[in-house]
Amino acid sequence: MAPLVDFSQASFWVSAASILFNPTFWNVAAQQEYYHKTITKLFGGNPRYGCYALAVTIFSLGLVRDYFYNLALEAQAPHPLLANPLIKYAAIPLFATGTTLVLTSMYALGVTGTYLGDYFGILMDAPVTSFPFNVTSAPMYHGSTLSFLATALWRGRPAGLVLTGLVSVAYAVARRWEDPFTGMIYEKREVERRGGKKGL
């Protein structure tokens with residue numbers, strides 16, 4: 001009997017590496033920007049241009065990650081249990097939900113809100129509480145995970161389920177780092193605002 005996942009396939013490990021690399025990269029880059037203005041300096045001191053450049057980089061890395069994920073699935077054998085039409089077509093609402101969460105969160109946040117603008121000092125006036133943030137606190141991460149899961153189910157590959165689990169873990173770790181740090185940035189701004197009012 002063939003194994004559910006062929007771990008001998010190099011494409012599986014390349015996909016896993018890219019899944020882990022992406023959130024690690026953008027967190028390291030954002031931290032360097034916050035503390036040292038590394039990216040802003042590369043763009044002549046313009047933080048908005050720096051944020052846009054990081055946005056293009058993160059988006060491009062996401063496309064590369066998705067490409068490797070699909071290559072990994074192509075190299076894996078499908079499993080008969082996942083060929084069940086009920087399971088296969090369950091992928092459609094999952095993918096639609098995931099895409100909706102990602103696109104609506106990007107629309108609500110804008111480019112700088114989506115791509116770590118707060119690390120560049122580009123802060124939003126107030127937290128977004130409308131859809132999809134009234135459904136989940138991390139719609140981009142949850143939506144992306146659902147899209148990975150949907151792809152695995154549609155193509156009937158158990159390896160895709162394993163890689164989706166890795167996506168979920170990678171995002172959970174990233175949030176444990178990002179959420180407190182982002183909260184600190186906005187709390188610092190509020191303290192400065194209150195201090196400014198006291199000085200008037």
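These numbers come from a predicted model, not from an experiment.
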Quick one: side-chain hydrogen bond (donor to acceptor under 3.5 Å, both in side chains) pairs with a partner in residues 28-37, sequence neighbours left out?
E33-T40
Is W13 reaching over with its side chain to a backbone N or O of F7, donor-acceptor style, under 3.5 angstrom?
yes
Give me the atom names and distance for the closest heavy-atom approach of Q76 to R157.
O-NE, 3.1 Å
Candidate pair F59 and Y115, rule ring-ring contact (aromatic ring centres under 6.0 Å, His included), full reasoning
CA-CA 9 Å; F59 184 80; Y115 292 103; 7.3 Å; no
Hey, does F181 have a side-chain heavy atom less than 4.5 Å from the side chain of D118?
no
How close do P139 and L101 get, counting heavy atoms only, and between which atoms?
O-CB, 3.5 Å
Taking the side chain from S144 and the backbone from M140, do they hold a donor-acceptor pair closer than 3.5 Å?
no
Qualifying ring pair (Phe, Tyr, Trp, His ring centres under 6.0 Å) pairs, either residue in residues 144-173, two or more places apart:
Y69-F148, Y89-W154, Y141-Y171
For the pair Y186 and T182, evaluate side chain to side chain contact (heavy atoms under 4.5 Å, CB included) and give the outcome as yes or no after the intermediate values.
CA-CA 7 Å; Y186 281 89; T182 302; 3.9 Å; yes
Please test V64 against Y67 for side chain to side chain contact (heavy atoms under 4.5 Å, CB included), starting from the C-alpha separation and ending with a verdict.
CA-CA 5 Å; V64 172; Y67 173 75; 5.5 Å; no
Near F25 CZ, under 6.0 Å, is it more than 12 heavy atoms from other residues, nucleotides or ligands?
yes
Could R193 and E190 be called an ion pair, given the rule that one side-chain N must be under 4.0 Å from one carboxylate O?
yes
C51 and I122 have their tightest heavy-atom pair at CB-CD1, 4.2 Å
Is any side-chain heavy atom of I58 closer than 4.5 Å to one of N22?
no
S147 side chain to G143 backbone, donor-acceptor under 3.5 Å
yes
Tell me whether S18 contacts the main-chain N or O of S15 through its side chain, where contact means a donor paired with an acceptor under 3.5 Å.
yes
A quick test of your reading: do over 12 heavy atoms of other residues, nucleotides or ligands sit less than 6.0 Å from NZ of K88?
yes
Between F12 and V162, is there a side-chain heavy-atom distance shorter than 4.5 Å?
yes
Within 6.0 Å of CD in E187, more than 12 heavy atoms from elsewhere
no
Considering only residues two or more places apart or on different chains, which pairs with a residue in residues 40-69 satisfy salt bridge (Lys or Arg N to Asp or Glu O under 4.0 Å)?
none
L116 to W26 - nearest heavy-atom pair and separation
CD1-O, 3.7 Å
Is there a side-chain contact between R175 and S137, using heavy atoms and a 4.5 Å cut-off?
yes
Plane angle bin for Y49 and Y52 - parallel if under 30°, tilted between 30 and 60°, otherwise perpendicular
tilted
Quick one: are P3 and V5 in side-chain contact, heavy atoms under 4.5 Å?
no
Minimum heavy-atom distance between A150 and L94, given as atom pair plus value
CB-CB, 3.9 Å
Are any non-hydrogen side-chain atoms of L82 and L153 less than 4.5 angstrom apart?
yes
Restricting to non-hydrogen atoms, name the atom on A53 and the atom on F43 that form the minimum distance, rounded to 0.1 Å.
CB-CZ, 3.2 Å
Note, R155 side chain near E74 side chain (heavy atom, < 4.5 Å)
yes
So, taking the atom named OG1 in T151 and the one named CG in L146, what distance separates them when rounded to the nearest 0.5 Å?
10.5 Å
Whether the side chain of D6 engages the backbone of A77 through a donor-acceptor N/O pair (distance < 3.5 Å, no angle test) should be reported.
no
Residue pair L54 / F120, side-chain heavy-atom distance below 4.5 Å:
yes
To the nearest 0.5 Å, atom CG of L103 lies from atom CE of M106 at 7.0 Å
